[in-house]
There are 2 protein chains.
Amino acid sequence: MEVGICKQDVLQKKKNAVLVDGVILNGPIMDSKAGEKFVEEACKIIMEEVIQKANDVTEKVCEWRSPETLKKILDLEMRDTGESHQKLLQLCQDVIQYSVKTSHPRFFNQLYAGIDYYSLVARFITEALNPSVYTYEVSPVFLLVEETVIKKMIEFIGWEEGDGIFNPGGSVSNMYAMNLARYKFCPEIKEKGLSGLPRLVLFTSEECHYSMKKAASFLGIGTENVYFIKTDERGKMIPEELEKQVQRARKEGSAPFLVCATAGTTVLGAFDPLDEIADICEKHGLWLHVDASWGGSALISRKHCRLLHGIHRADSVAWNPHKMLLAGIQCCALLVKDNSGLLKKCYSAKAAYLFQQDKFYDVSYDTGDKSIQCSRRPDAFKFWLMWKALGTTGLEERVNRALALARYLVEEIKKREGFQLLLEPEYANICFWYIPPSLRKMEDGPEFWQKLHEVAPIIKERMMKKGSMMLGYQPHRGKVNFFRQVVISPQVSREDMDFLLDEIELLAKDL
Amino acid sequence: MEVGICKQDVLQKKKNAVLVDGVILNGPIMDSKAGEKFVEEACKIIMEEVIQKANDVTEKVCEWRSPETLKKILDLEMRDTGESHQKLLQLCQDVIQYSVKTSHPRFFNQLYAGIDYYSLVARFITEALNPSVYTYEVSPVFLLVEETVIKKMIEFIGWEEGDGIFNPGGSVSNMYAMNLARYKFCPEIKEKGLSGLPRLVLFTSEECHYSMKKAASFLGIGTENVYFIKTDERGKMIPEELEKQVQRARKEGSAPFLVCATAGTTVLGAFDPLDEIADICEKHGLWLHVDASWGGSALISRKHCRLLHGIHRADSVAWNPHKMLLAGIQCCALLVKDNSGLLKKCYSAKAAYLFQQDKFYDVSYDTGDKSIQCSRRPDAFKFWLMWKALGTTGLEERVNRALALARYLVEEIKKREGFQLLLEPEYANICFWYIPPSLRKMEDGPEFWQKLHEVAPIIKERMMKKGSMMLGYQPHRGKVNFFRQVVISPQVSREDMDFLLDEIELLAKDL
């Protein structure tokens with residue numbers, strides 16, 4: 001170890017330079033002026049190539065390349081020496097060019113889409129500030145904002161009080177709820193674990209999100225102990241079936257502890273009948289969690305909040321403002337009715353290095369110990385700034401418009417030859433088949449369905465290679481491949497709905 | 001439900017306007033030009049108030065306000081109507097003003113600090129593109145980048161092959177590893193759960209991160225089944241003690257399955273002796289996970305990688321480039337030696353709506369089913385762009401310089417009256433007491449330590465209210481409150497180290 005004032009020649013260059021382990025320690029090593037210039041130039045590219053093009057339907061949604069080709073185009077390898085700013089800016093251009101434009105008005109592929117300028121600004125601010133929200137001393141503003149946003153979301157659920165936390169995804173929120181329900185059912189599990197306990201059983205519908213299985217597996221409950229409840233033809237949980245399954249579980253000697261209802265299923269956009277499910281939960285003393293990751297945003301709309309009638313009776317709710325409300329990935333809250341500190345009791349580990357109890361301020365603001373994470377991003381902030389900008393009525397307008405556009409599309413589908421709705425949608429998921437000309441006169445039967453099954457993947461391939469739009473498809477519960485169109489973005493207009501149908505016809509005219 | 005062409009007066013305004021459910025559907029509802037202008041103006045504020053001030057030591061690290069005062073200053077409430085752009089820009093200014101400047105050269109409070117311009121640009125790009133990395137069709141570039149980065153990190157660990165995934169935090173990575181080790185130990189747990197199984201037991205050191213307890217609780221293993229292994233005076237796990245505890249667990253009839261070693265403990269920065277621990281794991285057939293969330297970045301330095309000697313023998317490694325390497329919160333990889341698809345087998349739920357098997361491209365690129373998340377952020381990208389910009393040697397220089405600065409500070413502490421090192425550090429955590437003038441002549445004894453315990457919180461309060469720097473303190477394993485200084489940022493210079501010591505003396509001169 002060499003520590004000492006270094007030689008004359010270095011000293012001449014740097015006053016009081018100190019050499020330690022071969023490193024000259026005076027002054028920072030970064031060229032901040034060059035760095036700032038790089039940020040400025042890159043921001044210009046982002047503004048021109050992403051933000052300003054977000055509304056431009058003449059741009060491609062995607063510039064499809066196969067993995068093999070794209071690997072060749074992008075210079076992926078990381079080397080010993082760095083690249084020039086010029087090369088890096090070109091790389092940024094390439095990354096943007098070959099990335100899917102999820103903000104494009106014709107990106108209908110997932111449960112998120114579009115661009116919100118306010119949320120985007122909030123995200124730029126937090127990326128620049130690089131905070132972690134665990135203690136008030138490090139994240140004063142963002143913790144207060146999170147508290148405010150959670151309180152407001154709780155108001156819309158209809159609880160008088162409650163608690164909550166923002167998480168990296170609805171899947172994680174569902175896990176939180178499952179663990180919380182389990183803790184409430186048997187607090188000793190936190191210390192003792194599940195070994196030696198009776199089999200815990202939870203109930204959710206056949207149409208639930210796949211995170212339920214992931215959560216049951218991750219939490220040591222086991223996927224076989226998720227009892228899937230039958231749904232009706234619209235994808236809604238049948239309360240009588242739930243009642244039967246709870247009784248079955250009790251007869252088996254297992255320990256039912258939780259019902260996970262879904263408000264807005266992933267494929268069909270169905271809403272479980274929350275009020276009737278709540279009755280059953282009350283009767284059997286079961287925790288009611290509502291996965292409203294997708295459908296929760298309807299609570300903002302006075303017109304559509306009836307879809308979630310009864311949600312105030314839930315014990316916990318997962319709600320992702322990054323979907324229908326465009327808060328940007330990720331923005332996901334788990335909200336809990338309990339206000340007696342259950343969340344903290346369940347999750348806290350009381351790390352003394354982070355959550356010191358002898359701080360000079362009220363440490364009840366150090367809310368990080370409610371989380372399974374240590375570092376945590378300030379995801380509430382982007383929702384907050386967007387809400388401040390648009391007001392509740394602006395958010396409401398967003399929901400109403402998306403659902404009106406969905407309604408418009410449904411009516412157009414009904415009018416057009418070759419298009420067939422799977423079901424009358426409740427929400428913004430429009431599920432339909434496109435029956436190409438050659439299949440229209442075929443008899444209904446296994447061969448017809450097999451051929452129809454192959455249609456959507458071909459159309460999908462063609463639309464992606466053309467880059468004109470993106471739309472998801474899937475087989476689902478015995479039904480062959482169909483399209484799922486999702487309407488979200490306020491950048492979308494009626495013309496885009498018409499385009500969608502025209503484009504499918506065009507892409508499939510030879511099929 | 002009203003669907004139809006609306007009245008003449010609206011028609012005159014908008015060609016072919018359609019009214020559905022009271023919503024006019026033509027054209028987007030957002031004013032994109034105004035939105036873009038808002039983004040531009042906000043970016044200017046971010047550039048001036050955050051990025052350009054990042055290196056300026058004349059700026060405050062924090063502008064402390066109590067929660068009550070800050071609530072009054074910030075207009076937190078979300079209302080029915082939105083705010084003007086002017087008001088919103090002022091809000092952005094306020095948010096920045098009262099947020100902690102974690103990029104400030106005198107922010108030494110956490111295991112992250114500083115600003116990296118390249119990573120920041122990457123984050124701006126991904127926020128603007130708003131991708132989710134689960135399928136190649138939606139995130140082609142970001143999935144290829146993740147694959148490349150994971151491969152490169154695996155090289156530095158010293159594995160010939162492997163697998164991995166980026167997660168929202170080291171805590172989550174540790175959970176992944178724990179679940180993966182459990183799955184390897186007994187794959188049926190995924191379906192059957194832990195009920196009825198023998199008690200699973202894992203081992204980690206007394207100095208481990210608190211996420212180990214959180215993970216054991218969350219995964220249904222139970223915190224009591226985490227056996228904490230004694231450490232030596234430097235905070236390193238004692239292999240003989242591990243051996244004893246494994247034997248004890250076996251005698252009890254429980255099922256040992258996992259050892260979690262730590263490479264860079266949170267408080268002391270200690271590195272467990274990985275090679276010796278690996279011997280014990282091999283002997284007993286236990287999965288070896290290394291939590292190198294903090295210390296992993298030393299692998300990049302040819303000089304300091306010896307700290308992790310033996311890491312190539314681990315089965316899994318958690319490594320957060322957002323800490324020492326400045327990739328921005330969050331950037332956390334879990335790396336797994338197995339390359340037979342264990343990660344996917346353990347985590348997959350095979351959701352048909354997302355991971356269709358009849359896609360037109362090679363669906364092995366749809367790696368999202370390896371994750372417990374559904375939506376997932378492209379966190380590998382920011383590390384990749386930074387690596388491209390700096391090269392491996394640039395990253396190495398960052399690590400070497402941080403550790404040289406730490407060394408410098410240690411030597412200065414030894415020279416100064418009133419400062420007392422807890423221990424000779426191995427890494428960038430410098431733990432020390434400041435003994436103020438009034439205590440220097442006191443006899444060693446309970447009263448001395450009680451008084452010393454109260455010193456750090458007072459100095460912390462004063463530094464925060466002054467805003468001159470931020471530095472953490474904690475009591476730890478029987479030792480009274482001491483400071484933990486963490487050196488990371490390349491913006492930090494020797495002068496900042498000197499300032500730190502001078503400032504503590506200044507703040508505590510009357511104590």
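Numbered from 1 within each chain, the chains take letters A, B, ... in sequence-line order.
- With a 4.5 Å cut-off on non-hydrogen atoms, A:V50 touches chain B through its side chain but not through its backbone.
- Counting non-hydrogen atoms of neighbouring residues, nucleotides and ligands closer than 6.0 angstrom, the NZ atom of A:K388 exceeds 12 such neighbours.
- One distance of note links CD1 of B:I189 with OG1 of A:T223; it measures 12.0 Å at 0.5 Å rounding.
- Residue B:P198 touches chain A through its backbone alone, counting heavy-atom pairs closer than 4.5 Å.
- In this structure, the separation between CD on A:Q373 and NZ on B:K214 is 9.5 Å, given to the nearest 0.5 Å.
- The two residues B:R484 and A:Y353 have their closest heavy-atom pair at NH1-CD1, 4.1 Å.
- With a 4.5 angstrom heavy-atom cutoff, A:V172 touches chain B only via side-chain atoms.
- Of the two parts of A:Y473, the backbone and the side chain both hold a non-hydrogen atom closer than 4.5 Å to a non-hydrogen atom of chain B.
- A:V95 touches chain B through backbone and side chain together, each having a heavy atom under 4.5 Å away.
- Only the side chain of B:L354 comes within contact range of chain A, with at least one heavy atom under 4.5 Å from a heavy atom of that chain.
- When heavy atoms are compared at a cutoff of 4.5 Å, B:V267 approaches chain A solely by way of its side chain, counted from C-beta outward.
- Using a 4.5 Å cut-off between heavy atoms, A:Y365 touches chain B through its side chain atoms alone.
- For the side-chain contact (heavy atoms from CB on, under 4.5 Å) with B:N130, the lone residue among A:R123, A:H322, A:K101 that qualifies is A:R123.
- For B:K71 (side chain) and A:L144 (main-chain N/O), no donor-acceptor pair under 3.5 Å exists by modelled atom type.
- For the atom pair CD (A:E77) and CH2 (B:W384), the distance works out to 11.5 Å, reported to the nearest 0.5 Å.
- With a 4.5 angstrom heavy-atom cutoff, B:K190 touches chain A via backbone and side-chain atoms both.
- Interface remark: B:I329 contributes backbone and side-chain atoms alike to the contact with chain A (heavy atom separation under 4.5 Å).
- The contact between B:V39 and chain A is made by backbone and side chain atoms together, counting heavy-atom distances below 4.5 Å.
- Proximity to chain A (any heavy atom under 4.5 Å) is restricted, for B:C43, to the side chain, taken from C-beta onward.
- Only the side chain of B:N481 comes within less than 4.5 Å of a heavy atom in chain A; its backbone stays farther off.
- When all heavy atoms are compared, the tightest approach of A:L70 to B:P140 is CD2-CB, 3.7 Å.
- Residue with the most contacts toward chain B among A:S103, A:A42, A:S132: A:S132 (heavy-atom pairs, distance under 4.5 Å).
- Among all heavy-atom pairs drawn from B:C374 and A:Y210, the shortest one is SG-OH, 3.3 Å.
- Taking OG from B:S211 and CD1 from A:I372, the interatomic distance works out to 10.5 Å, rounded to the nearest 0.5 Å.
- If you measure heavy-atom distances from A:I51 to chain B, the contacts under 4.5 Å come from both the backbone and the side chain.
- The OG atom of B:S195 sits 7.0 Å away from atom CG of A:L197, with the distance rounded to the nearest 0.5 Å.
- Contacts of A:D358 with chain B are made by both backbone and side-chain atoms, with heavy-atom separations under 4.5 Å.
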For side-chain hydrogen bond (donor to acceptor under 3.5 Å, both in side chains), just list the numbers for A:D80 and B:T393, CA-CA rounded to whole Å, side-chain angles, deciding distance to a tenth of an Å, and then say yes or no.
CA-CA 5 Å; A:D80 286 349; B:T393 50; over 6 Å; no
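- For a residue to count as touching a neighbouring chain, one of its non-hydrogen atoms must lie under 4.5 Å from one of that chain's; by this rule B:Y118 touches chain A with backbone and side chain alike.
- Looking at A:Q52, its side chain never comes within 3.5 Å of a backbone N or O of B:E36 through a donor-acceptor pair.
- Residue A:L74 touches chain B through its side chain alone, counting heavy-atom pairs closer than 4.5 Å.
- Within the 4.5 angstrom heavy-atom criterion, atoms from both the backbone and the side chain of A:E40 approach chain B.
- The contact between B:L91 and chain A is made entirely by side chain atoms (from C-beta outward), counting heavy-atom distances below 4.5 Å.
- For B:M497, no part lies near chain A; criterion is any non-hydrogen pair under 4.5 Å.
- Distance check, rounded to the nearest 0.5 Å: CZ of A:F218 to CG of B:N179 gives 5.0 Å.
- Using a 4.5 Å cut-off between heavy atoms, A:P131 contacts chain B through its backbone alone, with no side-chain atom that close.
- In this structure, chain A has heavy atoms under 4.5 Å from both the backbone and the side chain of B:M78.
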Would you please test B:N400 and A:D21 for side-chain hydrogen bond (donor to acceptor under 3.5 Å, both in side chains) and show each step?
CA-CA 8 Å; B:N400 288 349; A:D21 287 348; over 6 Å; no
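- For B:Q356, the part lying under 4.5 angstrom from a heavy atom of chain A is the side chain only.
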Output, in order, the C-alpha distance, side-chain angles, deciding distance and verdict of side-chain hydrogen bond (donor to acceptor under 3.5 Å, both in side chains) for B:Y117 and A:H85.
CA-CA 11 Å; B:Y117 301 102; A:H85 281 189; over 6 Å; no
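- Of the listed residues (A:E127, A:E83, A:Q474, A:K192), the greatest number of heavy-atom pairs within a distance under 4.5 Å of chain B belongs to A:E127.
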